[in-house]
2 protein chains.
Amino acid sequence: MSARQVTLAEVAKQAGVSLATASRVLNGSTRQVSEELSDRVLRTAERLGYVPNASAQALARNSSSLVGLVVHDITDPYFSCIAAGVTRVAEEAGLVVVLGTTGRRPEREVELLSTLRAHRARAVVLAGSRTTDRASQSRLAAEIDAFTEQGGRVACVSQAKLGTDTVVPGNRAGGRALARALTELGHKKFAVLGGPSELVVARDRLAGFKAGLADAGIAPPAVVNGAFTRDGGYAAAMELLASKTRATCVFAVTDVMAMGAMAALRERGVRVPEDMSIAGFDDIPTLRDTVPALSTVRLPLEEMGEIAAGLVLDAGGDEVRTVRVAGEVVLRASTAHN
Amino acid sequence: MSARQVTLAEVAKQAGVSLATASRVLNGSTRQVSEELSDRVLRTAERLGYVPNASAQALARNSSSLVGLVVHDITDPYFSCIAAGVTRVAEEAGLVVVLGTTGRRPEREVELLSTLRAHRARAVVLAGSRTTDRASQSRLAAEIDAFTEQGGRVACVSQAKLGTDTVVPGNRAGGRALARALTELGHKKFAVLGGPSELVVARDRLAGFKAGLADAGIAPPAVVNGAFTRDGGYAAAMELLASKTRATCVFAVTDVMAMGAMAALRERGVRVPEDMSIAGFDDIPTLRDTVPALSTVRLPLEEMGEIAAGLVLDAGGDEVRTVRVAGEVVLRASTAHN
DNA sequence: GCGTGGCGGGAAAGCGCTTTCCAGCGCTCC
DNA sequence: GGAGCGCTGGAAAGCGCTTTCCCGCCACGC
């Protein structure tokens, strides 16, 4: 075990050239090397199974090939789709993505960023949703500053205002459009399963939805808050049912929550959509196989990941870039006329 | 931008101690340092916001804090669950996981392993399923050798015989137990939606299932192969239906395929379970919200990821370790008496 | 009194690369 | 014909850390 690793020096020696030449041949530089030497180096590298030591390269070049990706929970389809987009772009660029999961703890986000900074990651995509909590916000901002200070780039998905490049889904507009579509189905009484009130994503979607209802001259919805998870949706729906709501249509601010809510409704014998219409937000792939198919606001999740990775990988100017992606209302079987 | 990064040397100078002392204080060594100096170093490091350069550490120590994780497709719940388990354990151990996705291309797996070797990752978890294709097998084996040669550890999930530590689900036993359970429901005529024939996981599950049918003295099932994905399941089910099968029960070797198959059945107006029973394998979390709830063989996916990470992280002896995890048949609404 | 050994501190030698700088060589251009 | 230039190759100086080795100091034992 642990046979001496093959180093550039070894390759150089066996090929009978200098270290410099070997380096130039194997790791592309602007400098030309005669075909003969070049060949010799290439061949011996091949023969010895040489693989450059990435740490050494990173040290010497002062830049690594690592791209960070921070998500709350990789099993959540919302995040895994974004992750797929990010990894695709990163891998195409010859970079390696390091995955960090926060378990929805803001301090973990800060820790991860610091670790990524230690690794001199060249960029980071923050996919977790933003909190309005002041303390964690400012610590995060400080870490982001430290990170960019060091020459790293940061992009966020769905959380503007952090002074970084951002991919912003049309949360408010999507909520509003959805509300409008649902009122057009004839619903008059709505309820919303909102996420934790300190999450801006949840708040924006809710705000948009309320605005949409107002547009149609409809009374504001009852709002029940719950965790941003399937179980949170389940619990919130249970609470809603317990409150003897008279709503005929429920909007869950997240598909994942909607899935939980549908389970709750099913369990309580509330038929969807006959007794209750329900809609979500995101259009996670799982929705394809839900029965009844869930109405939602479609977001191009993988593409959002790709865009974020793109933003963070090409240097760009100094100004903060924001890419908006629109949500598209998709009405399916879970919402019926009323 | 790009304010000089804080180095150990800087901290040492400002604290008025030597580089060696600063290193000893900040990155734990066996050597003692007087409390006074130690304090001074700690304080200045804090003040300057010092973060050790991980590349430099890796280079000097000849060992990095990277753990590789190779999956086919991170959006597949099977893989994202395993990924969750792996990251949890790795993060607890203070390590960083780098995520590689192969898109089911064997050569990508080899590439990724090589990249991970370049980064001197201390360990890798290979979660992709194994192929019987000779060529790619041997190239993969060669890369694995090179990797372990360098002192890295490798563990596989669900693919024994590669000479590495392995977490092996009871694919065969699970298939067999499922077959038995289904025959007990009175079904006599079965069909199987098999994965690509070169995937050993698919073959094992199928073989077990056949064995189970044989146990019950039932004729071998019709087998339709398809890709190991939701769409593969959909296509295979369509093909099965087109063949005018007389089976009353279908086994899809993967939950994901089963989801696709259910969609196909639904589309064709075949009621589940009245007209056709269906069962899958894995028990991915999504199943909770499927209607009707899918019968399956439950595998502790996250736990499997944790186990794999555990195997790969504690040195262990030289012998190859294999941890078997049993599948548990879970009958739900998608399978009915016949 | 002096040798011994243990202990805390620093100097310096790497770790495996990249890149600058210099040397040598064959040309072109006055 | 010599100055100047462009080009290729090599020596060597880092990159930011860890760790070995050595040194001076003190407590101790004979």
Side-chain angles (χ1 to χ4, degrees), chain A residues 2-42 44-45 48-66 117-122 150-151, chain B residues 2-41 44-45 48-66 115 117-122 150-151:
Chain A
S2 201
R4 281 280 298 115
Q5 307 178 172
V6 185
T7 70
L8 225 211
E10 210 161 324
V11 174
K13 203 169 86 191
Q14 295 222 15
V17 304
S18 77
L19 204 52
T21 303
S23 169
R24 295 200 260 254
V25 172
L26 293 172
N27 306 303
S29 85
T30 46
R31 293 275 307 256
Q32 289 262 4
V33 174
S34 75
E35 193 164 338
E36 190 203 331
L37 294 196
S38 174
D39 257 26
R40 243 166 46 213
V41 171
L42 250 15
T44 43
L48 300 181
Y50 170 72
V51 174
N53 182 322
S55 305
Q57 287 189 315
L59 184 57
R61 294 185 177 144
N62 190 27
S63 97
S64 79
S65 56
L66 265 36
R117 178 152 69 101
H119 285 271
R120 301 301 188 263
R122 79 164 55 177
Q150 248 185 211
Chain B
S2 200
R4 281 281 298 114
Q5 307 177 173
V6 185
T7 70
L8 226 210
E10 211 162 324
V11 174
K13 203 169 86 191
Q14 295 223 16
V17 303
S18 78
L19 205 52
T21 302
S23 168
R24 294 199 261 255
V25 171
L26 292 172
N27 307 302
S29 87
T30 46
R31 291 276 307 256
Q32 289 262 4
V33 174
S34 74
E35 192 164 338
E36 191 203 330
L37 294 195
S38 174
D39 257 26
R40 234 154 66 202
V41 171
T44 44
L48 300 181
Y50 169 72
V51 174
N53 182 323
S55 305
Q57 287 189 315
L59 184 57
R61 294 186 180 143
N62 191 27
S63 98
S64 78
S65 55
L66 264 38
T115 305
R117 177 151 70 98
H119 284 272
R120 302 300 188 265
R122 79 163 55 175
Q150 248 185 212

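In what follows, chains carry the letters A, B, and so on, assigned in the order in which the sequence lines appear, proteins first and then strands, with residues in each chain numbered from 1. What you see below is based on every heavy atom in this structure, not just the backbone, and it leaves out hydrogens, waters and symmetry mates.
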Roughly, in whole Å, what's the span from [atom1] in [X] to [atom2] in [N]?
X     : N      : atom1 : atom2 : result
A:E10 : C:dC17 : CD    : C1'   : 14 Å
B:K13 : C:dG10 : NZ    : P     : 15 Å
A:Q57 : C:dG16 : CD    : P     : 13 Å
B:N53 : D:dT18 : CG    : P     : 10 Å
B:Q5  : D:dG16 : CD    : C1'   : 10 Å
B:E36 : C:dG9  : CD    : C1'   : 13 Å
B:L59 : D:dC15 : CG    : P     : 14 Å

Of the listed nucleotides [options], the one nearest the side chain of [X]:
X     : options                : result
B:V17 : C:dC17, D:dG9, C:dG10  : C:dG10
A:L8  : D:dT18, C:dG16, C:dC17 : C:dC17
A:Y50 : C:dG8, D:dT18, C:dC17  : C:dC17
B:R24 : C:dG8, D:dT18, C:dG10  : C:dG10
B:A20 : C:dC17, C:dA12, D:dC17 : C:dA12

Taking the side chain as everything from C-beta on, heavy atoms only, tell me whether [X] gets closer than 4.5 Å to [Y].
X     : Y      : result
A:S64 : B:H119 : no
B:N53 : B:T7   : no
A:Q14 : A:V6   : no

So, does B:R120 use its side chain to make a donor-acceptor pair with the main chain of B:S63 at under 3.5 Å?
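Answer holds: no.
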Donor-acceptor pair under 3.5 Å: do we get one between A:R120's side chain and the base of D:dG16?
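Absent.
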Pick the nucleotide of DNA chain C nearest each of A:R31 and B:T21; which residue has the one closer to the 5' end?
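Taking each residue's closest nucleotide, the earlier one in sequence belongs to B:T21.
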Please report the closest heavy-atom contact between B:V41 and B:A22, naming both atoms and the distance.
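In terms of heavy atoms, the two residues are closest at CG1-CA, 4.1 Å.
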What contact category does B:N62 fall into here, base, sugar-phosphate, or nothing, at under 4.0 angstrom with non-hydrogen atoms?
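Touches nothing.
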Mind checking A:S23 for me? I need base, sugar-phosphate or nothing, with any heavy atom below 4.0 Å counting as a touch.
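Contact class for A:S23: base.
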Is the distance from OP1 or OP2 of D:dT18 to the nearest side-chain N or O of B:N27 less than 4.0 Å?
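Yes, because at least one side-chain N or O of B:N27 sits under 4.0 Å from OP1 or OP2 of D:dT18.
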Less than 4.0 angstrom between a side-chain N/O of A:S34 and OP1 or OP2 of D:dG9, yes or no?
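Yes, within the criterion.
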Starting at the 5' end of DNA chain D and moving along, which residue's nearest nucleotide shows up first, A:E35 or B:L19?
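Looking at the nearest nucleotide for each, A:E35 comes out on the 5' side.
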